[in-house]
Amino acid sequence: IEYNPDMVKVAQAAARRAGVDKQASFEEADLFKSDLTQAQVITLFLLPSINEKLRPTILDLKPGTRIVSNSFRMGDWAPDQSETVKGDCSNWCTAHLWIVPAKVEGRWKAGKQTLTLEQQFQNITGTLGTQQIADGKISGNTVSFTVGQTRYSAKLDGKQLVGKTHLDGTSSEWVATRS
């Protein structure tokens, strides 16, 4: 989505030359009035202030949607990954990737214990019963964290986290239901 019609034409021509015009679309429109809900990948080359203004819309997209920004970040939402081109690159050499996280903050019932999660973008903290969780992450619909020596991983499926625990080379099933 580009506000400048000349830039839309440049992008469309470049996509044709690269042979990817069937996989990418470019349209003249106002980014803040456009429906982004069908996007699977969004690439940005916007100033940080615009990225931050767009951030609430991005965080409401389908979990797993990938956002790639050339050079500019989104305030305090740290990228999931960043790569910088080495060698001859002198401008705009860093790409940042964010994967829209599912919204998992809240209380969950996990067997006889309560799982309480607090979420800051793709990072989670909280407790399972009385124990603190560590290394909590969300990537799309996938949640992972550690409690003691046990590693938990699960996928969000509606109102349930369904996954496995891993301890000393063995694994078992676990389920948590949003309460």
Side-chain angles (χ1 to χ4, degrees), residues 1-105 117-126 133-146 149 151-156 163-164 166 169:
I1 298 167
E2 170 59 53
Y3 200 73
N4 180 334
D6 295 330
M7 293 304 294
V8 172
K9 291 175 188 166
V10 167
Q12 290 169 332
R16 273 193 302 280
R17 283 192 306 276
V20 296
D21 54 317
K22 301 288 190 257
Q23 289 84 24
S25 63
F26 305 92
E27 63 182 79
E28 178 188 349
D30 182 335
L31 179 61
F32 295 101
K33 294 179 182 176
S34 297
D35 178 8
L36 304 176
T37 59
Q38 298 305 307
Q40 296 173 3
V41 178
I42 297 174
T43 58
L44 307 171
F45 192 30
L46 303 169
L47 293 172
S49 61
I50 305 296
N51 284 352
E52 281 193 67
K53 186 176 176 185
L54 189 59
R55 188 171 75 185
T57 300
I58 290 171
L59 286 167
D60 279 338
L61 295 175
K62 181 180 175 185
T65 302
R66 293 162 290 167
I67 312 299
V68 179
S69 175
N70 184 335
S71 301
F72 301 114
R73 296 177 55 143
M74 284 196 240
D76 59 348
W77 182 12
D80 291 289
Q81 185 177 345
S82 295
E83 296 291 334
T84 300
V85 175
K86 307 287 189 242
D88 291 341
C89 188
S90 61
N91 294 310
W92 323 118
C93 303
T94 301
H96 301 291
L97 169 69
W98 292 267
I99 300 171
V100 174
K103 295 177 181 175
V104 299
E105 183 166 275
L117 298 177
E118 296 174 16
Q119 182 173 354
Q120 179 69 21
F121 306 115
Q122 72 270 47
N123 300 306
I124 52 174
T125 57
I133 68 170
D135 304 319
K137 294 285 182 194
I138 310 164
S139 181
N141 282 325
T142 302
V143 175
S144 61
F145 58 88
T146 301
Q149 300 297 311
R151 186 73 180 159
Y152 290 75
S153 60
K155 289 209 179 276
L156 180 63
K164 294 185 180 273
H166 306 277

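Nothing fancy with the numbering, it's 1 onward along the sequence.
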Does the side chain of Asn70 come within less than 4.5 Å of Thr43's, by heavy atoms? no
Nearest heavy-atom contact between Ile99 and Gly140 is CG2-N, 3.6 Å
NZ of Lys22 to CZ of Arg16, rounded to nearest 0.5 Å, is 9.5 Å
Asp80/Arg66 salt bridge by N-O under 4.0 Å criterion: no
Taking every heavy atom of Val68 against every heavy atom of Leu97, the minimum-distance pair comes out as CG2-CD1, 3.9 Å
Heavy-atom check, side chain of Ile133 versus side chain of Leu117, under 4.5 Å: yes
Closest approach of Ile124 and Ser144, non-hydrogen atoms and distance? CD1-O, 4.2 Å
Rounding to 0.5 Å, atoms CG (Asn4) and NZ (Lys9) come to a distance of 9.5 Å
So, taking the atom named NZ in Lys62 and the one named CD in Gln38, what distance separates them when rounded to the nearest 0.5 Å? 9.0 Å
So, taking the atom named CG in Leu36 and the one named CG in Leu31, what distance separates them when rounded to the nearest 0.5 Å? 6.0 Å
Go through Leu156 and Ile138 one step at a time and tell me if the side-chain contact (heavy atoms from CB on, under 4.5 Å) criterion holds. CA-CA 10 Å; Leu156 180 63; Ile138 310 164; over 6 Å; no
Sole residue of Ile67, Ile50, Asp60, Asp76 in side-chain contact (heavy atoms from CB on, under 4.5 Å) with Arg55: Asp76
Intermediate values then yes/no, side-chain contact (heavy atoms from CB on, under 4.5 Å), Asn123 and Lys137: CA-CA 5 Å; Asn123 300 306; Lys137 294 285 182 194; 2.5 Å; yes
For Phe32, I'd like to know if atom CZ has over 12 heavy atoms of other residues, nucleotides or ligands within 6.0 Å. yes
Point-to-point distance, once rounded to the nearest 0.5 Å, from OG1 of Thr125 to CD of Glu118: 4.5 Å
Please give me the minimum heavy-atom distance between Asp30 and Ile1, naming the atom from each residue. C-CG2, 4.2 Å
Looking only at heavy atoms, the pair that brings Glu105 and Gln119 closest together is OE1-N, 2.7 Å
Counting only heavy atoms not in Glu83 (residues, nucleotides, ligands), do more than 12 fall under 6.0 Å from its CD? no
Non-hydrogen side-chain atoms of Met74 and Ser69 separated by less than 4.5 Å: no
Go through the side-chain N and O atoms of Thr94 and Thr84 and say whether any donor and acceptor fall under 3.5 Å apart. yes
Using 30° and 60° as the class limits, which term best fits the ring planes of Trp77 and Phe121: parallel, tilted or perpendicular? parallel
Might you work through the side-chain contact (heavy atoms from CB on, under 4.5 Å) test for Arg151 and Asp135, ending with a clear yes or no? CA-CA 9 Å; Arg151 186 73 180 159; Asp135 304 319; 3.5 Å; yes
With rounding to the nearest 0.5 angstrom, report the CD to CD distance, Glu2 to Glu27. 11.0 Å
Check whether any side-chain heavy atom of Pro101 sits under 4.5 Å from a side-chain heavy atom of Leu59, and report yes or no. yes
Answer yes or no: does atom CD of Gln23 have more than 12 heavy-atom neighbours from other residues, nucleotides or ligands under 6.0 Å? yes
Taking all non-hydrogen atoms of both residues, which atom of Arg73 and which atom of Ala78 are closest, and how far apart? NH2-CA, 3.7 Å
Could you walk me through whether Leu46 and Phe72 pass the side-chain contact (heavy atoms from CB on, under 4.5 Å) test, one step at a time? CA-CA 7 Å; Leu46 303 169; Phe72 301 114; 5.9 Å; no
